[in-house]
Asker: 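So that we are looking at the same thing, I have put the structure below in structure tokens.
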Amino acid sequence: MPAKPDHAALARIALAHITRVYPHSGPQRLNCAADWQPPEQAHPLFCGSYDWHSCVHSHWLLVRVLNRAPDLPEAVAIRQRLKRITDDAVAAEITTFERQGQGFERPYGWAWLLMLQAELLRSSEPTARRGAATLQPLADLIRRRLLDYLPRLLYPIRSGQHNNTAFALLLYLEYARMAQDQQLERLLRERSLTWFANDRGCPAWGEPSGEDFLSPTLQQAVLMQQVMDGNTFADWLDAFLPDLVVQQPATLFRPVSVSERSDGKLAHLDGLNLSRAWCWFQLSAARPRLLTVAEAHLAAAINHLEDDYMGSHWLATFAMLAQQAASEHA
């Protein structure tokens, strides 16, 4: 197993790109030429890390490091960064959300903003606590949109990319539970069970697709683990993946290969290995034999976090998820 980057190493990766505005990729809905704004103006708080959602989840990584290792030398820079969460910056982010319309950064960016807010709320750090209070209006806007959107989403999105429904629900649940938002948690649980509880004999057909960074099958399984009690989940998992004990469907158990890491879409597959590892580690709580599968997926990607900026601007977050799950479930 390759050496795992520690909290300090992951923090340094994130700190190196959260202030890097260009290259930048971000959708802007323009009704006229005057609507266009440079990233620094549209997103004064989250304009780095190549795109908005990567900047948001890199902030989550940094707050997670601060909460777990507050004495690291990197903690000084993290605290300084959190001071940038100001009323004016958050107001500008809200203005951009309102101008861009109800689908802006849905669901992936929404999920990571709420994950960041959950981590800020969890913190005992004064800068993080102030940041949570300041960022709450943006979290509230996303919460309102979420309460409106989920009942209108008739079918879950089972892709391996940003719009995967199960992945987003997992992150929303983290926020709802941390914020003690019972209304939101009830809706998330009801939607999760409605969409996924009756699925049986999953063939994992089409996995992996060539630009995936999430496994629809495994994200769904971990979501059910979060919303079902232990015995109910064990029965569900036996029905959903009945041949798990013999490592079938085989495609889920083999780490994927990456052909070109300077191509942002093809580099998604490093993220797939990391997100699968995150899922397998969590599922190993119910099936301990899955630990070796999780470790193999983590090993396949962990040395490639900084090979190219197309990966380095986001992969550390998924490495953090995987390593966190490994420490909790190994």
Side-chain angles (χ1 to χ4, degrees), residues 26-31 35 37 39 41-47 51-60 63 82 84-123 128-157 159 161-196 219 223 226-227 317:
Q28 287 197 43
R29 189 181 73 177
L30 305 178
N31 295 315
D35 283 349
Q37 293 181 334
Q41 185 176 345
H43 299 293
L45 186 52
F46 301 119
C47 64
D51 50 46
W52 190 86
H53 48 255
S54 297
C55 195
V56 171
H57 69 60
S58 296
H59 280 76
W60 168 84
V63 180
L82 294 180
R84 292 172 59 92
I85 306 177
T86 64
D87 290 334
D88 287 346
V90 172
E93 295 282 353
I94 290 173
T95 296
T96 296
F97 260 76
E98 292 172 341
R99 187 179 68 252
Q100 291 297 306
Q102 63 179 351
F104 181 68
E105 285 289 346
R106 183 183 75 195
Y108 187 77
W110 293 9
W112 276 115
L113 190 285
L114 293 183
M115 274 285 279
L116 169 59
Q117 183 67 354
E119 199 62 29
L120 290 168
L121 290 171
R122 181 178 287 113
S123 183
R129 299 298 297 178
R130 287 193 295 270
T134 306
L135 193 62
Q136 191 63 51
L138 180 55
D140 289 342
L141 182 152
I142 290 173
R143 177 190 180 274
R144 289 193 299 272
R145 291 189 175 184
L146 190 55
L147 291 173
D148 175 69
Y149 170 67
L150 287 180
R152 295 188 289 110
L153 182 65
L154 299 183
Y155 312 101
I157 301 166
S159 81
Q161 297 193 46
H162 301 85
N163 57 351
N164 181 278
T165 299
F167 176 82
L169 290 170
L170 278 166
L171 273 57
Y172 298 147
L173 273 169
E174 179 81 9
Y175 171 76
R177 290 169 176 170
M178 189 64 227
Q180 299 182 348
D181 188 334
Q182 295 180 359
Q183 179 188 10
L184 179 58
E185 183 173 358
R186 283 194 302 269
L187 176 61
L188 295 171
R189 187 173 186 277
E190 182 273 322
R191 292 284 80 200
S192 298
L193 295 173
T194 296
W195 283 326
F196 301 118
Q219 294 300 153
L223 177 62
Q226 286 294 313
V227 299
T317 295

Asker: Tell me every residue that passes salt bridge (Lys or Arg N to Asp or Glu O under 4.0 Å) with E105, counting only those two or more places apart in sequence or in another chain.
Answerer: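 Expected list: none.
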
Asker: Using every non-hydrogen atom in the two residues, find where L120 and V63 come nearest and quote the distance to one decimal.
Answerer: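 Smallest interatomic distance, heavy atoms only, reads CD2-CG2, 3.8 Å.
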
Asker: Please enumerate all residues that pass side-chain contact (heavy atoms from CB on, under 4.5 Å) together with L30, with sequence neighbours excluded.
Answerer: Q28, D35, W36

Asker: Using side-chain contact (heavy atoms from CB on, under 4.5 Å) as the criterion, list what pairs up with A89, not counting sequence neighbours.
Answerer: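 So A89 forms a side-chain contact (heavy atoms from CB on, under 4.5 Å) with P44, L45, T86.
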
Asker: Looking at residues at least two apart in the chain, or sitting in another chain, which of them share a side-chain contact (heavy atoms from CB on, under 4.5 Å) with S159?
Answerer: I157, Q161, N163, N164

Asker: How long is the gap from OG1 on T134 to CZ on R129, to the nearest 0.5 Å?
Answerer: 11.5 Å

Asker: Given the rule in the side-chain contact (heavy atoms from CB on, under 4.5 Å) test, do L187 and L146 qualify, once you have shown the distances and angles that lead to the verdict?
Answerer: CA-CA 10 Å; L187 176 61; L146 190 55; 5.9 Å; no

Asker: Give, for atom CG of L113 and atom SG of C55, the distance between the pair rounded to the nearest 0.5 Å.
Answerer: 11.0 Å

Asker: Check the orientation of Y108 and H162. Use parallel for under 30°, tilted for 30 to 60°, and perpendicular for over 60°.
Answerer: perpendicular

Asker: Quick one: closest heavy-atom pair of A133 and P137, and the distance?
Answerer: O-CD, 3.9 Å

Asker: For R144, which of D140, I142, L147 qualifies under side chain to side chain contact (heavy atoms under 4.5 Å, CB included)?
Answerer: D140

Asker: Going from CG on L188 to CZ on R177, what distance comes out if it is rounded to the nearest 0.5 angstrom?
Answerer: 8.5 Å

Asker: Q219 and L170: which non-hydrogen atoms are nearest, and at how many Å?
Answerer: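 Minimum heavy-atom separation between Q219 and L170: NE2-CD1, 3.4 Å.
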
Asker: Closest approach of W110 and R145, non-hydrogen atoms and distance?
Answerer: CH2-CB, 3.5 Å

Asker: As an exercise, state the distance from OG1 of T194 to CG of L150, rounded to the nearest 0.5 Å.
Answerer: 11.0 Å

Asker: Got M115 and E119 here, is their nearest side-chain heavy-atom distance under 4.5 Å?
Answerer: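 Not in contact.
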
Asker: So do the side chains of Y155 and T165 get within less than 4.5 Å of each other, counting heavy atoms only?
Answerer: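 Not touching, per the 4.5 Å side-chain cut-off.
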
Asker: Please report the interatomic distance NE2(H57) to OG1(T317), rounded to the nearest 0.5 Å.
Answerer: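 Between atom NE2 of H57 and atom OG1 of T317 there are 4.5 Å.
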
Asker: Taking side-chain hydrogen bond (donor to acceptor under 3.5 Å, both in side chains) as the criterion, tell me which of Q183, Q136, Q117 meets it with R143.
Answerer: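 Passing option: Q183.
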
Asker: Search all heavy atoms of I85 against all heavy atoms of G131 and return the closest pair with its distance.
Answerer: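 Closest approach of I85 to G131: CG2-O, 3.7 Å.
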
Asker: Can you name the residues that form a side-chain contact (heavy atoms from CB on, under 4.5 Å) with Q102, not counting sequence neighbours?
Answerer: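 With sequence neighbours excluded, Q102 shows a side-chain contact (heavy atoms from CB on, under 4.5 Å) to R106, D148, R152, given in chain and number order.
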
Asker: To check you understand the geometry: which heavy-atom pair defines the closest contact between Q37 and T96, and what is its length?
Answerer: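 Scanning both residues completely, I find the closest heavy atoms to be OE1-OG1, 4.2 Å.
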
Asker: Measure up the F46 and H59 rings against each other and bin them: parallel (under 30°), tilted (30 to 60°), perpendicular (over 60°).
Answerer: perpendicular

Asker: Given side-chain contact (heavy atoms from CB on, under 4.5 Å), test L169 with W195 step by step and report yes or no.
Answerer: CA-CA 11 Å; L169 290 170; W195 283 326; 3.8 Å; yes

Asker: Determine which pairs satisfy ring pair (Phe, Tyr, Trp, His ring centres under 6.0 Å) with at least one residue from residues 87-107, sequence neighbours left out, and list them in order.
Answerer: H43-F104, W52-F97, F97-F104

Asker: Report the distance from atom CD of E174 to atom CD of E185, rounding to the nearest 0.5 Å.
Answerer: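 It comes to 11.0 Å.
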
